[in-house]
Amino acid sequence: MSNIRHALSVKRADDFAAWYQEVISAADMAEESGVRGCMVIKPWGYGIWERIQRLMDDRIKATGHDNCYFPIFIPLSNFEREAAHVEGFAKEMAVVTHHRLIADGKGGLIPDPEAKLEEPLVVRPTSETIIGDAMARWIQSWRDLPLLTNQWANVVRWEMRTRMFLRTSEFLWQEGHTAHENAADAQEHTLRMLEVYRACAEDDLAMPVIAGEKPENERFPGAVETWSIEAMMQDGKALQAGTSHYLGTNFAKASGIQYQDREGGQQYCHTTSWGVSTRLIGGVIMTHGDDDGLRVPPAIAPHQVVILPMLRDQPEDAALLEYCEALRASISSQFALGEKIRVLLDRKPGKAATKRWDWVRKGAPVIIEVGGRDMESKVVSLLRRDRLWAENGKPDFATPSRDEAAAAMPAMLGDIQQSLFNEAAQRRDANITRDVTTMDALAAFYADNQRYPGWVEVQWSRPTGAALDAVVEKLKALKLTVRNVPLGAMPADGACIFTGEPAVERIYVARSY
RNA sequence: CGGGGAGUGGCGCAGCCUGGUAGCGCAUCUGUUUUGGGAACAGAGGGUCGCAGGUUCGAAUCCUGUCUCCCCGACCA
């Protein structure tokens, strides 16, 4: 085992943060941009995002939503309307104040004082207010409800501390916004979209998550309820991977979203919003990455199978390429995970072995190398990225016949998808602790498990207001947060770990990103 | 935004203390020999040392400012 020469220089167990960064650069996913907190997403990283987008968009459409697009600039007065919302976002806004530059006389440019905007525009950190404005125009009667919309967009939040994919100043996401007749409909929809997120995370990203309600102190600014899906990363920390909010009538009142009900009365709509972002890619890295780079689940892999001909700059190359092209055509005519299989025949010059390690680091699910001898024997050399190493410390090549390899691909890709999920789910389950019942035990647990502490499920009395603040403070001392109140958990049967009162439900407590 | 660390060819680094106009490894290009597994040898190209000022005959090196990145914290849908 120790003689394995891994494709990365940093191991997860040695320095998880450094490993995370190395995966991003070694897999050629993204790079720094020179602008604080903003990144360039490179083809392999963006290709993964496009896959996530495609699959998520299908799910959003399948639940009755239509896409639209709203402006990136929001008039300040529009943004000001909802008080809690303003309080939540005001300190991290980008603001546009001028519309022209002039020479400063020293060879540079400055905003033209003559071109100051009458009203500043804020760069959207989220679009509740401006979409609320539109909803107020679009909705007249109960017949217009529910109004189900979604947009794919970039947003900007001036973050103090940024990390690639996990928290960037500008990021890409989808934000769904819906309006309903009453609370029950809106709440039901909030949970329906949470379930869509759970399904996408688990079935498409192979990333197991726990869906549940956020505690009061973690609510979206302006929300009545906030729900999340939480995933466990390989260092035991939690990642909030998606959120769904029931907004009550807060934004409806702020934007005047009203409808005439069946009795002719004016009512405020109940609205929801929900989003997932490029942060999911960070989750995929920290869920599936290993000491050789990324492992991309087949459902979201831009190329699911990469064929590497062992070209030697010889006349035989033509025949080898022909042999590989037939394999490519044969695989790409088949379906896996409900879609045409995506195969790349990598014709770029260069040694196959070198290119192999590039694709290992990128995490292509299946790598097939084909040399002259393979061709003579009508076989190929096949490597599964999820099971890279053999017992002897060398890459674990299988050598099926070319026809067998092609025929096996639909099942193999499905199997890789499933095995990545199983591996992550087992790791998560093994790292959830349920027998901690006192604050002392909680403190001891996290003191003893510096590196991979995982999550702890505890029971609590669901304190609110000042009592909750006190709990949050206690947890903060241990660098812990309440992740969520999981759906479908066992009922409480003990005492609240924080207050000693009878518990009403179970919650997850963890360190988090 | 506070504390710490760092920015030198594509990547990773040395040089900086004790100023004298840049070096190593990998990668790249060319050639030769190889070739079923992350090749060897030889040669070559590529950097105004993050940026802007200052000190100096002379600055990667000293001083000031600034930008960006990383770690810890505060903050965070």
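To find a chain, count down the sequence lines: A is the first, B the second, and so on, and within it residues start at 1.
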Problem - Distance below 4.0 Å between A:Lys479 side-chain N/O and B:C72 OP1 or OP2 - result: no
Exercise for the section: For B:G12 versus B:A6, give the span between their P atoms, rounded off to a whole number of Å. Expected result: 16 Å
Problem - Nearest-angstrom distance, C1' atom, B:G15 to B:C29 - result: 27 Å
Problem - Whole angstrom value for the distance that separates P of B:G73 from CD of A:Glu473 - result: 15 Å
Handout entry: C1' gap between B:A74 and B:G58, integer Å
Key = 46 Å
Problem - C1'-based separation of B:U61 from B:G20 [nearest Å] - result: 11 Å
Handout entry: Gap in Å between the two C1' atoms, one belonging to B:A44 and one to B:G50, rounded
Key = 29 Å
Exercise for the section: May I ask you to check whether A:Phe251 and A:His177 place their ring centers less than 6.0 Å from one another? Expected result: no
Practice task
Determine whether the aromatic ring centres of A:Tyr246 and A:His189 lie less than 6.0 Å apart.
Solution key: no
Exercise for the section: Return the set of residues passing salt bridge (charged side-chain N to carboxylate O under 4.0 Å, His left out) with A:Arg192 (not counting sequence neighbours), or none when no residue passes. Expected result: A:Glu188
Handout entry: Residue-phosphate contact under 4.0 Å: A:Arg161 side-chain N/O, B:C72 OP1/OP2
Key = yes
Exercise for the section: Nearest-nucleotide wise, let me know which of A:Ser277 and A:Arg163 is further upstream toward the 5' end of RNA chain B. Expected result: A:Arg163
Problem - From CD (A:Gln240) to CD1 (A:Ile229), nearest 0.5 Å - result: 9.0 Å
Handout entry: Nearest-angstrom distance, P atom, B:A59 to B:A22
Key = 12 Å
Handout entry: B:U8 and B:G47, which share atom name C1', separated by this distance in whole Å
Key = 8 Å
Handout entry: Distance in angstrom units between A:Tyr20 OH and B:C69 P, rounded
Key = 15 Å
Practice task
Starting from C1' on B:U32, measure out to CZ on A:Arg312 and report it in whole angstrom.
Solution key: 17 Å
